[in-house]
Amino acid sequence: ELDAKVRATNAGVTGRLGARRELPGGVEASYSVENPVGVYDLASSTHRGRLSAPVAGGEAVLRVEGDASSQAYETSYARELQGGQAAFRMSRKDGALGYNVSYARNFENVLDGAAGVHVGIDEDGVYGKVRASR
C-alpha cells in the first residue's frame, strides 16, 4: 500500500511519500519520508519507520524517526491484563532516555456507574488517576 501527499505554498512545495505492508504472522511495517516546505534535500527530510508484531498476547512496536541532525527511537509493548491494559514504553530522543510503565482498567462492568483507574511510573515519577461517576 502506497500513499502520497503534496502541498504547494508560496514558500515552496512539501511532500510526503509512504509505504505500508502487512507481512506474515501479523507483522506490519511502514515507512514514510516528508520534506519541509521549500527544502528538497533528502537528508533534511523527516524519515519515519514503524514495525509492529503480535507477541505473547499483546503488540510490540518499534518506531524510528529522524533526519540528518536528529533521531528518535521508541519501543513499546501493550497487552490486556486482568481486565485492563498494561503498557511499557522506552524511548530515546535528543540524547534523553524516556520510559513509561502503566496499567489502566475500567470498572464499568463491575461497579454500578462509570469508574476506572490508571496508574504508572515514568521518568518524571509515579502518577495515577481514578475516575468514578454515578
Side-chain angles (χ1 to χ4, degrees):
E1 182 177 307
L2 295 174
D3 65 86
K5 181 179 179 180
V6 177
R7 185 173 56 101
T9 67
N10 290 339
V13 177
T14 183
R16 180 187 177 282
L17 178 63
R20 183 181 152 285
R21 175 87 188 239
E22 289 184 27
L23 303 168
V27 175
E28 185 176 299
S30 64
Y31 171 79
S32 68
V33 60
E34 183 172 358
N35 71 297
V37 174
V39 178
Y40 309 110
D41 175 24
L42 194 57
S44 298
S45 297
T46 301
H47 301 262
R48 291 183 182 93
R50 183 179 190 274
L51 183 65
S52 65
V55 175
E59 182 183 37
V61 178
L62 173 63
R63 291 182 191 89
V64 294
E65 179 177 331
D67 57 23
S69 63
S70 174
Q71 292 80 41
Y73 309 92
E74 181 179 293
T75 185
S76 62
Y77 179 75
R79 70 169 288 175
E80 289 186 17
L81 181 67
Q82 298 294 316
Q85 183 77 10
F88 168 77
R89 178 190 55 81
M90 283 188 63
S91 62
R92 179 179 170 102
K93 183 175 184 179
D94 298 328
L97 293 175
Y99 64 91
N100 186 300
V101 179
S102 67
Y103 181 74
R105 180 171 179 187
N106 287 324
F107 291 104
E108 294 169 1
N109 58 345
V110 177
L111 301 174
D112 184 25
V117 64
H118 186 177
V119 294
I121 185 169
D122 62 17
E123 61 274 359
D124 294 325
V126 177
Y127 62 90
K129 176 180 177 182
V130 176
R131 65 176 176 77
S133 65
R134 185 177 168 128

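What's counted below: heavy atoms across the whole structure, side chains too, no hydrogens, waters or symmetry copies.
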Exercise for review: Taking all heavy atoms of D67 and all of S45, pick out the closest pair and write down the distance.
Suggested key: CB-O, 3.2 Å

**Study point:** Same apolar cluster: V126 and V119, side chain cutoff 4.5 Å
**Key:** no

Check your understanding: Checking side-chain contact (heavy atoms from CB on, under 4.5 Å) for the pair R131/N106: CA distance, chi angles, key distance, verdict?
Key -> CA-CA 9 Å; R131 65 176 176 77; N106 287 324; 2.4 Å; yes

Point to revise | Steps toward side-chain contact (heavy atoms from CB on, under 4.5 Å) verdict (L42, H47) | key: CA-CA 9 Å; L42 194 57; H47 301 262; 4.2 Å; yes

Review point. For R105 and Q82, which heavy atoms make the closest approach, and how far apart are they?
Key: NH1-O, 3.1 Å

Practice item. Could you pull out the closest heavy-atom pair between L81 and Y103, with the gap in Å? Key: O-OH, 2.8 Å

Review point. Does Y31 belong to the same Ile/Leu/Val/Met/Phe/Trp/Tyr cluster as L2, with side-chain heavy atoms less than 4.5 Å apart forming each link?
Key: no

Practice item. Compare all side-chain heavy atoms of E65 with those of T46 and state whether any distance is below 4.5 angstrom. Key: yes

Check your understanding: Would you call R48 and E34 a salt bridge, using N to O less than 4.0 angstrom?
Key -> yes

Exercise for review: Heavy atoms only: give me the nearest P54-G26 pair and the separation to one decimal.
Suggested key: CD-O, 3.4 Å

Check your understanding: Passes side-chain contact (heavy atoms from CB on, under 4.5 Å), T9 versus T14? Steps please.
Key -> CA-CA 8 Å; T9 67; T14 183; 5.9 Å; no

Review point. Considering only heavy atoms from C-beta outward, does the side chain of V37 approach that of R7 to under 4.5 Å?
Key: yes

Revision key, fill the gap. Note: Q85 and A78 closest approach over all heavy atoms is NE2-CB, 3.3 Å

Point to revise | Intermediate values then yes/no, side-chain contact (heavy atoms from CB on, under 4.5 Å), K129 and Y127 | key: CA-CA 7 Å; K129 176 180 177 182; Y127 62 90; over 6 Å; no

Exercise for review: For atom CD of E123, decide whether the heavy atoms of other residues, nucleotides or ligands shown that lie under 6.0 angstrom number more than 12.
Suggested key: yes

Check your understanding: Can you hop from V6 to Y40 via hydrophobic side chains spaced under 4.5 Å?
Key -> yes

Practice item. Mind listing the closest non-hydrogen atom pair of R63 and S76 along with its distance? Key: NH1-OG, 3.9 Å

Check your understanding: In the single-linkage hydrophobic clustering (I, L, V, M, F, W, Y; side-chain heavy atoms under 4.5 Å), do V55 and L23 co-cluster?
Key -> no

Review point. Is it the case that one hydrophobic cluster holds both L62 and Y77, taking links as side-chain heavy atoms less than 4.5 Å apart, direct or via other members?
Key: no

Check your understanding: Do M90 and L97 have side-chain heavy atoms sitting under 4.5 Å apart?
Key -> no

